[in-house]
Amino acid sequence: MSNADAVIEMDNVEHTYGGGTKALAGVDLTVGRGEFVAVIGRNGSGKTTLAKHFNGLLRPTNQDGAVRVRRADGRSVDTRGTRLHHLAATVGYVFQNPDRQIFHDTCREELEYGPRNLGADPTTLADTVSQTLELVGLEGREEANPIHLSRGERQRLAIASALAMGCDVVVVDEPTTGQDRAESRKILDSLAHHHAQGRTVVIISHDMALVAEYATRVVAMRRGHVLADGTPAEVFSQREVLRETNIRPPQAAVLAAEIGLPGVLTVDHAVDAMRDVLQHTATPVSHDDKVH
Amino acid sequence: MSTAALAVSGLTVRYEGADRRALDEVGFEVAPGEVLGILGPTGAGKSTLLQCLSGVIPRHDDSPGMRGDISVFGRPLPDFAGLSEITESVGLVMQDPEVQLVNTVVREELVWGMENRGIPVPEIERRLRRAAELFDIGALLDRFTHALSGGEKQRVVVASVFCLSPRIMLLDEPTSELDPAGTEGVMEAIRVLAQEGVTVLVVEHKIEELAVYADRLLAMRQGRVEAVGTPREVLMGSAAPDRPQVLDIALRLREEGLWDAEPPLSVPAAVTAWDALTNAPHSDRNPA
């Protein structure tokens, strides 16, 4: 039953909170090594509850529900019987608000903390720190105090602290909330670097333009269930799913679908597809006052 | 022209120890009932601006160096008798909803401010019903505020400011934690309030919503106003930090001489333009 490339396997996971709210209502999901997964869905659909099961922050509340995580040594462990710190080196979790997890006075100490706890060789720590900072676009900021970083930079620092521990899987809850476009891209690019090394990224996001551009797989949640699971193109083309989850694909995809050019996800795709049509349309257009 | 709801001129703020001005000679006016969208990258001064307009700076901040003039319906802000009088006209929703949630239950949160104002009970009940409907929080009224999701907290905080019925609402990224449906709900509520004469200034990164819902946009960068105008004027100019994807697509095709139509700000506008360009209507639109 165990998939060789699976890093996280969930079987029939339910989660009911103390107050009686059933946030997950039986989820089966396998995340493979090297995937870039985006979990989408309305507020309250169970996205964060799902993601917190990946590293044992939450555990299934039903007897027969199980989450297994494959550690670096190749062993697959059940999160229910495993202490949190035994999963921390495999699955890094970055909270929606980075300030909940940043607590040192310098970026260097912040990044050293995790590896040190895991017994890393102290002589390699400096290299780990500088390399990780570079990966998230904060090169040379070792001695900066995190409180002087912008919110987006602190988000990247929080991601870096998961990367510094050598986590195979990084789970990030709404990485771009409140960020402008340029900063959102830097954050996603940090994760894309991690992904390009053959590692696994899971994000929770409402930003469908970024999901379309970066994710290889989309998991759409609704009322504690997985409603759809596939490539961004597959999920964004299921009208029923979009209506049920209230998800709006990126404008480029919506426009392309409306004008009969399906399969388009990004601005670049749309421009290419629309150019093809316009170039074959009868009247050539002359245009002088171009926009610069 | 009638009196501006807000008139700002020469507004300059420098935080102590900062290497540059947070706001640098900012000036603009907003008409009553107008929705002004404020955009700009992180660090542009958007939140500082809203804090000045609400009187939080300099009255309650550690008084950063501030100069310049702000008038609310023609009355200079320093003439108001403290923040409590300013808040009768100007309501501020801050970026982090947790900062301004002070009660344990949602209903209390909404009623608290109105009771402090001595608003009669029937009016409190009327506004409560209206807020619940406008911001879709009827089902949340008896929930604990600490147990709400980020998006729910945001809607509650906007609703609680609405309950005080300010003539001007300042909203600092009110939809950052909301899903698309929730975002649209808040934007629709803003539109309704504006139609009733409330002036709304909203800081947002969600450019595709602002392009449709704002009457005008103000683009800021590094403490300065870079552009102010209709959404089309601002978004087509170089000051826009980001553009709606449909506008981006049209402008790129226009660069190539392939889009000979008005650049669209929304998907329906783009579809209409496309139909005209390709002479192949996909809708039941009448050709002009």
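Any value given below was found using the heavy atoms of this structure, including those in side chains, with hydrogens, waters and symmetry copies removed. Below, chain A is the first sequence line, B the second, and so on; all start at residue 1.
- Chain A forms the most heavy-atom pairs under 4.5 Å with one residue out of B/L253, B/D248, B/T175, and that residue is B/L253.
- Ranked by non-hydrogen atom pairs under 4.5 Å with chain A, the options B/P41, B/G43, B/P268, B/A44 are led by B/P41.
- A pairwise comparison of heavy atoms in A/A209 and B/Q245 identifies CB-NE2, 3.5 Å as the closest pair.
- Contact of the A/R275 side chain with the B/R252 side chain is not registered, since no non-hydrogen atoms from C-beta on lie closer than 4.5 Å.
- For B/P244, the parts sitting under 4.5 Å from any heavy atom of chain A are the backbone and the side chain alike.
- When heavy atoms are compared at a cutoff of 4.5 Å, A/A252 approaches chain B by way of both its backbone and its side chain.
- Residue-environment remark: CZ (B/R143) exceeds the threshold of 12 foreign heavy atoms within 6.0 Å.
- Considering all non-hydrogen atoms of both residues, A/T177 and B/S176 come closest at CG2-O, 3.4 Å.
- The parts of A/Q179 that come within reach of chain B are both its backbone and its side chain, each placing non-hydrogen atoms under 4.5 angstrom from that chain.
- Here the OG1 atom belonging to B/T278 is positioned 7.5 Å from the CD1 atom belonging to A/I259, to the nearest 0.5 angstrom.
- Residue B/E173 touches chain A through its side chain alone, counting heavy-atom pairs closer than 4.5 Å.
- By the 4.5 Å heavy-atom criterion applied to side chains, A/R181 and B/H205 are not counted as neighbours.
- The distance from the CG atom of B/D242 to the OG atom of A/S184 is 8.5 Å, given to the nearest 0.5 Å.
- Taking chain A as the reference chain and counting heavy-atom pairs below 4.5 Å, the highest number among B/I249, B/D96, B/L39 is found for B/I249.
- Rounding to the nearest 0.5 Å places CG of B/L258 at 5.5 Å from CD of A/Q279.
- Contacts with chain A were tallied for B/P241, B/G150, B/G182, B/A181; B/A181 has the most, counting heavy-atom pairs under 4.5 Å.
- Each of A/I247, A/V254, A/D268, A/D207 has some count of heavy-atom pairs under 4.5 Å with chain B, and the biggest count is that of A/D268.
- Crowding of A/R217 atom CZ: a count of heavy atoms from other residues, nucleotides or ligands under 6.0 Å exceeding 12.
- Sparse packing is recorded around CZ of A/R141, with 12 or fewer heavy atoms of other residues, nucleotides or ligands lying under 6.0 Å away.
- In terms of heavy-atom proximity, A/H206 sits nearest to B/P180 at ND1-CD, 4.2 Å.
- Side chain of A/E258 to main chain of B/V271: no donor-acceptor pair is present (N/O by atom type, distance under 3.5 Å, no hydrogens or angles).
- For the pair A/L278 and B/L277, the tightest heavy-atom approach, listed with the atom from each and the gap, is CD2-CB, 4.1 Å.
- The nearest pair of heavy atoms linking B/V246 to A/L255 is CG1-CD2, 3.9 Å.
- Neither the backbone nor the side chain of B/E152 comes within less than 4.5 Å of any heavy atom in chain A.
- Side chains of B/S149 and A/N43: a donor-acceptor N/O pair is absent below 3.5 angstrom, by distance only.
- In plain terms, the two heavy atoms of A/Q251 and B/S266 that are nearest each other are NE2-CA, 4.4 Å.
- Looking at B/L178, both its backbone and its side chain come within 4.5 Å of chain A, counting heavy atoms on both sides.
- With respect to chain B, the highest number of heavy-atom pairs below 4.5 Å among A/P250, A/A270, A/S45 belongs to A/P250.
- Heavy-atom neighbours of A/Y17 OH from other residues, nucleotides or ligands within 6.0 Å: above the threshold of 12.
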